[in-house]
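Along the sequence shown, residues carry numbers from 1. Bear in mind the structure is a predicted one, so any value in this text is a computation, not a measurement.
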Amino acid sequence: VQLQASGGGLVQAGGSLRLSCAASGSGFTILTMNWHRQAPGKQRDLVASITRSGSTNYADSVKGRFTISRDFARNTVYLQMTSLKPEDTAVYYCEADYMVYGDTPVAGRAWGQGTLVTVSS
């Protein structure tokens with residue numbers, strides 16, 4: 001499974017951006033897709049998650065401002081970010097937990113390459 005993230009950029013505080021992350025490969029079923037972010041000098045934190053059933057979860061810092069969604073047909077996850085703040089500046093990474101079903105099911109985790117979001121004050 002390979003993940004390709006896109007959509008980062010420079011935006012003013014209060015603005016919006018939408019990140020996308022597309023999964024490619026074959027023979028897998030994605031279970032949960034997640035967005036994480038890592039600000040300079042800080043640890044990588046989970047921002048939002050969406051399960052195969054559509055259940056979502058958000059970090060407290062982004063609740064009400066960010067929305068995660070998923071297109072099953074395209075194996076793509078989106079992160080709509082609104083009311084952006086300078087503290088949202090970070091490299092955003094998508095991550096997928098998946099299963100490869102066969103004689104012996106195998107669980108895996110894949111990471112995208114990261115996309116930089118910079119919010120200016």
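Remark: Arg65 pairs with Asp88 by the salt bridge (Lys or Arg N to Asp or Glu O under 4.0 Å) rule, at least two apart or across chains. Residues that satisfy the salt bridge (Lys or Arg N to Asp or Glu O under 4.0 Å) test with Asp71, not counting sequence neighbours, are Arg74. The side chain to side chain donor-acceptor pair (under 3.5 Å) search around Lys42 returns none, not counting sequence neighbours. In this structure, the side chain to side chain donor-acceptor pair (under 3.5 Å) partners of Thr51, at least two apart in sequence or on a different chain, are Ser53. Every residue two or more places apart in sequence or in another chain that forms a side-chain contact (heavy atoms from CB on, under 4.5 Å) with Asn75 is listed here: Ala23, Phe28, Ile30. The side-chain contact (heavy atoms from CB on, under 4.5 Å) search around Ser16 returns Gln80, Thr82, not counting sequence neighbours. For Gln43, the side chain to side chain donor-acceptor pair (under 3.5 Å) test picks out Asp45, with sequence neighbours left out. Here Asn57 pairs with nothing under the side chain to side chain donor-acceptor pair (under 3.5 Å) rule; sequence neighbours left out.
Proximity of a side-chain donor or acceptor of Tyr78 to a complementary backbone N or O of Thr67 within less than 3.5 Å is not detected.
Within a 6.0 Å radius of CD in Gln2, no more than 12 heavy atoms belonging to other residues, nucleotides or ligands are found.
Within the hydrophobic cluster formed by Ile, Leu, Val, Met, Phe, Trp and Tyr side chains joined at under 4.5 Å, directly or through other members, Met99 is accompanied by Leu31, Tyr101.
Between Tyr98 and Arg109, the closest heavy-atom pair is CE2-N, 3.5 Å.
Between the OH atom in Tyr93 and the CG atom in Leu19 there is a gap of 13.0 Å [rounded to 0.5 Å].
Applying the disulfide (SG to SG under 2.5 Å) definition to pairs two or more places apart or across chains, those involving residues 12-111 are Cys21-Cys94. The side-chain hydrogen bond (donor to acceptor under 3.5 Å, both in side chains) pairs that include a residue from residues 22-34 are Asn34-Ser49, Asn34-Glu95, where partners are two or more places apart or lie in different chains. Note on residues 53-63: pairs passing salt bridge (Lys or Arg N to Asp or Glu O under 4.0 Å), not counting sequence neighbours, are Asp60-Lys63.
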